[in-house]
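This report refers to the structure that appears directly beneath it.
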Amino acid sequence: MKPKLIQFTDRSQIIEFKKQKFSLTPEEIANKINIDIETYKSYDNWVIINGEWYYYKEIYDERKFVNEMLGVKVCEYFDIPSVKYDIGYALNLQHLGITLISKNFRKNDVKYLNQDDVTTSRELITDINDYVEKDRVKEVKLKLLKALIVNFAISNIDYNRYNILFEVKTSKIFDIAPLFDFENSFKRVIDLYQNDLQTFRLEDLKEMMDTYPQIKPYIQKIFDMNLLSLLDDIQEQYHLIIDKEQLKNSYIDYENKLKSRLSLYLK
C-alpha cells in the first residue's frame with residue numbers, strides 16, 4: 001500500500017463543519033449565494049461556517065487534492081485572482097472526511113455569467129471589444145490572457161465554458177471572476193490547448209506574442225516557475241507535509257516537459 005501523500009502537522013488549523021439541512025428553499029439559497037438555480041442543483045455542497053457560505057469539494061484522490069492547492073499557488077504566482085481554500089473536516093460526512101472548503105467569492109452587486117451566457121465564440125479574446133465594457137477592455141483582456149496562460153501552464157483540462165465566470169454589471173462584461181477547479185491539471189503538456197476561451201497552439205506562440213505583446217513577461221514566468229517551491233509554500237501555509245518522493249515523477253517531469261516544449265517553439 002502506498003504511504004499517504006499528505007500528513008497534517010497541526011490539525012488545529014482544520015476547520016470542522018457539518019452538512020446542514022436548511023429551512024430555505026433551493027431557490028432562496030441560490031439567491032443568497034448569487035448563483036442560478038440550475039447551477040445550485042448541480043453543485044449543492046454549500047454549508048454555513050461562522051455565518052459565511054462555503055463550498056466544499058468532494059475530493060477522494062490525494063493527488064487531485066494537491067492539484068487544487070497547487071493551482072491556487074500558480075494563480076498567485078501569476079498574480080491572477082482565484083478561489084481561496086481552507087482545509088475542512090466534515091463531521092457528519094464520514095465518507096468525505098478531510099476536504100477543501102472555499103468561502104463564496106460572489107459579490108451581491110454583479111451578475112455572474114459563464115461563457116455560454118455571453119457568446120458561443122471560441123475566440124473571445126480576439127472579439128473582446130464586442131463583449132466587454134469599453135473602459136474595461138484593456139484590463140479584462142490582460143486578465144483573460146493571463147487566465148489562458150495559467151490554465152495552459154498547468155494543462156487544466158477542466159477550463160471550459162462552464163468554469164469561466166464573468167462579472168456583469170450592465171449588459172457587458174465588467175470583469176472575470178476568480179479562477180477555480182484545478183483538480184484535473186498537471187497531467188500532460190498539451191501542444192494544442194483548445195478550450196472555450198481561445199485556442200492556444202504552441203506552434204503559434206510566437207505569432208500570439210506578437211499579437212499580444214503584454215503576454216511576454218507571463219510566458220517568461222512559466223520558465224521561472226518552480227512547482228516544488230510552490231509545494232513548500234503549501235506545506236507552510238496549511239501546516240502539512242506532502243510526500244515529494246511520490247511527486248518526483250509527476251510534477252517535476254511535468255514542469256520539465258512544459259518548459260522543454262515551450263523552448264522548442266520559441267527557438
Side-chain angles (χ1 to χ4, degrees), residues 2-7 57 59-85 87 99-100 102 144-160 163-164 178-206 208-209 215-238 240-267:
K2 272 187 176 182
K4 288 183 70 67
L5 184 59
I6 302 170
Q7 300 287 339
K57 290 191 71 89
I59 303 178
Y60 304 98
D61 183 321
E62 284 187 305
R63 172 62 188 271
K64 290 184 176 182
F65 194 98
V66 177
N67 282 351
E68 283 285 359
M69 293 188 289
L70 191 55
V72 170
K73 285 298 176 185
V74 172
C75 288
E76 291 175 0
Y77 172 72
F78 280 91
D79 191 28
I80 187 165
S82 76
V83 64
K84 302 298 181 186
Y85 285 120
I87 309 294
T99 188
L100 291 172
S102 57
L144 287 173
L145 287 167
K146 287 166 68 174
L148 182 66
I149 291 167
V150 165
N151 281 282
F152 161 74
I154 66 176
S155 294
N156 184 4
I157 62 174
D158 273 349
Y159 194 53
N160 55 50
N163 282 347
I164 304 168
L179 305 187
F180 58 94
D181 209 352
F182 309 113
E183 64 183 79
N184 291 310
S185 302
F186 305 104
K187 291 185 177 179
R188 62 183 181 87
V189 179
I190 305 171
D191 282 5
L192 173 60
Y193 185 65
Q194 188 167 7
N195 69 0
D196 294 321
L197 183 62
Q198 188 99 0
T199 300
F200 185 92
R201 297 180 181 86
L202 271 178
E203 63 186 35
D204 299 330
L205 184 56
K206 282 186 177 179
M208 188 174 180
M209 290 169 70
I215 73 172
K216 290 180 181 179
Y218 301 104
I219 297 297
Q220 181 58 49
K221 283 181 77 71
I222 294 178
F223 287 106
D224 298 334
M225 185 171 65
N226 185 322
L227 294 181
L228 277 189
S229 176
L230 296 180
L231 287 174
D232 286 339
D233 292 344
I234 290 171
Q235 291 185 126
E236 181 177 352
Q237 178 178 347
Y238 292 102
L240 52 83
I241 297 172
I242 299 171
D243 186 345
K244 291 184 183 177
E245 290 302 314
Q246 292 191 56
L247 302 177
K248 282 185 177 177
N249 293 325
S250 53
Y251 293 125
I252 302 307
D253 282 355
Y254 172 83
E255 182 179 300
N256 290 337
K257 288 175 181 176
L258 171 66
K259 294 175 181 179
S260 175
R261 298 299 289 169
L262 274 179
S263 296
L264 179 65
Y265 287 105
L266 288 176
K267 281 184 177 178

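One-based numbering along the sequence shown.
- Side-chain contact between Glu62 and Ile242 is absent, with no heavy-atom pair separated by less than 4.5 Å.
- Comment: Lys64 does not engage Glu68 in a salt bridge, judged by the lack of any side-chain N to carboxylate O separation of less than 4.0 angstrom.
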Should Met69 and Gln237 be marked as a side-chain contact (heavy atoms from CB on, under 4.5 Å) after you check the CA-CA gap, both sets of side-chain angles, and the distance that decides it? CA-CA 11 Å; Met69 293 188 289; Gln237 178 178 347; over 6 Å; no
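- The shortest side-chain heavy-atom distance between Phe182 and Val72 falls under the 4.5 Å cut-off.
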Residue pair Phe65, Glu183: steps toward the side-chain contact (heavy atoms from CB on, under 4.5 Å) verdict: CA-CA 7 Å; Phe65 194 98; Glu183 64 183 79; over 6 Å; no
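- For Thr99 (side chain) and Lys57 (main-chain N/O), a donor-acceptor pair under 3.5 Å exists by modelled atom type.
- In plain terms, the two heavy atoms of Leu5 and Val66 that are nearest each other are CD2-CG2, 4.0 Å.
- Using a 4.5 Å heavy-atom threshold, the side chains of Lys259 and Glu255 count as touching.
- Side-chain contact between Arg188 and Tyr254: absent, with no pair of heavy atoms (C-beta onward) separated by less than 4.5 Å.
- Formation of a donor-acceptor pair under 3.5 Å by the Gln7 side chain with backbone atoms of Ile241 is not found in this model.
- No cation-pi contact links Arg63 to Phe186, judged by a cut-off of 6.0 Å to the six-membered ring centre and 45° from its axis.
- A heavy-atom distance below 4.5 Å is found between the side chains of Leu266 and Ile219.
- Under the 3.5 Å distance criterion, the side-chain polar atoms of Asn156 are left unmatched by any main-chain donor or acceptor of Ser185.
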side-chain contact (heavy atoms from CB on, under 4.5 Å) evaluation trace for Phe180 with Ser102: CA-CA 10 Å; Phe180 58 94; Ser102 57; over 6 Å; no
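- Here the side chains of Leu179 and Ile164 are not in contact, with every heavy-atom distance at 4.5 Å or above.
- In this structure, a donor-acceptor pair under 3.5 Å is absent between the side chains of Asp79 and Tyr218.
- Between atom CG of residue Asn226 and atom CG of residue Leu231 there is a gap of 9.0 Å, rounded to the nearest 0.5 Å.
- Under the rule for a salt bridge (Lys or Arg N to Asp or Glu O under 4.0 Å), Asp233 has no partner lying at least two apart in sequence or in another chain.
- Distance check, rounded to the nearest 0.5 Å: CD1 of Ile87 to CG of Leu240 gives 6.0 Å.
- When side chains are defined from C-beta on, Asp224 counts as touching Tyr77, because their heavy atoms get closer than 4.5 Å.
- Two residues are said to be in side-chain contact when any heavy atoms from C-beta on lie closer than 4.5 Å; Tyr85 and Ile234 fail this criterion.
- Atom NZ of Lys257 has 12 or fewer heavy atoms from other residues, nucleotides or ligands within 6.0 Å.
- Counting all heavy atoms, side chain and backbone alike, Ser82 lies closest to Pro178 at C-CB, 3.5 Å.
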Applying side-chain contact (heavy atoms from CB on, under 4.5 Å) to Leu230 and Val74, what does each step give before you reach the verdict? CA-CA 8 Å; Leu230 296 180; Val74 172; 3.8 Å; yes
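- With values rounded to the nearest 0.5 angstrom, Ile252 atom CD1 is found 3.0 Å from Leu228 atom CG.
- A distance of 6.5 Å separates CG in Leu145 from CD1 in Ile215, rounded to the nearest 0.5 Å.
- In this structure, CG in Asn184 is found 11.5 Å from OG in Ser155, a value given to the nearest 0.5 Å.
- Remark: Gln235 engages Asp232 in a side chain to side chain donor-acceptor pair (under 3.5 Å) (not counting sequence neighbours).
- Atoms CG and CD1, on Asn67 and Ile154 in that order, are 8.0 Å from each other to the nearest 0.5 Å.
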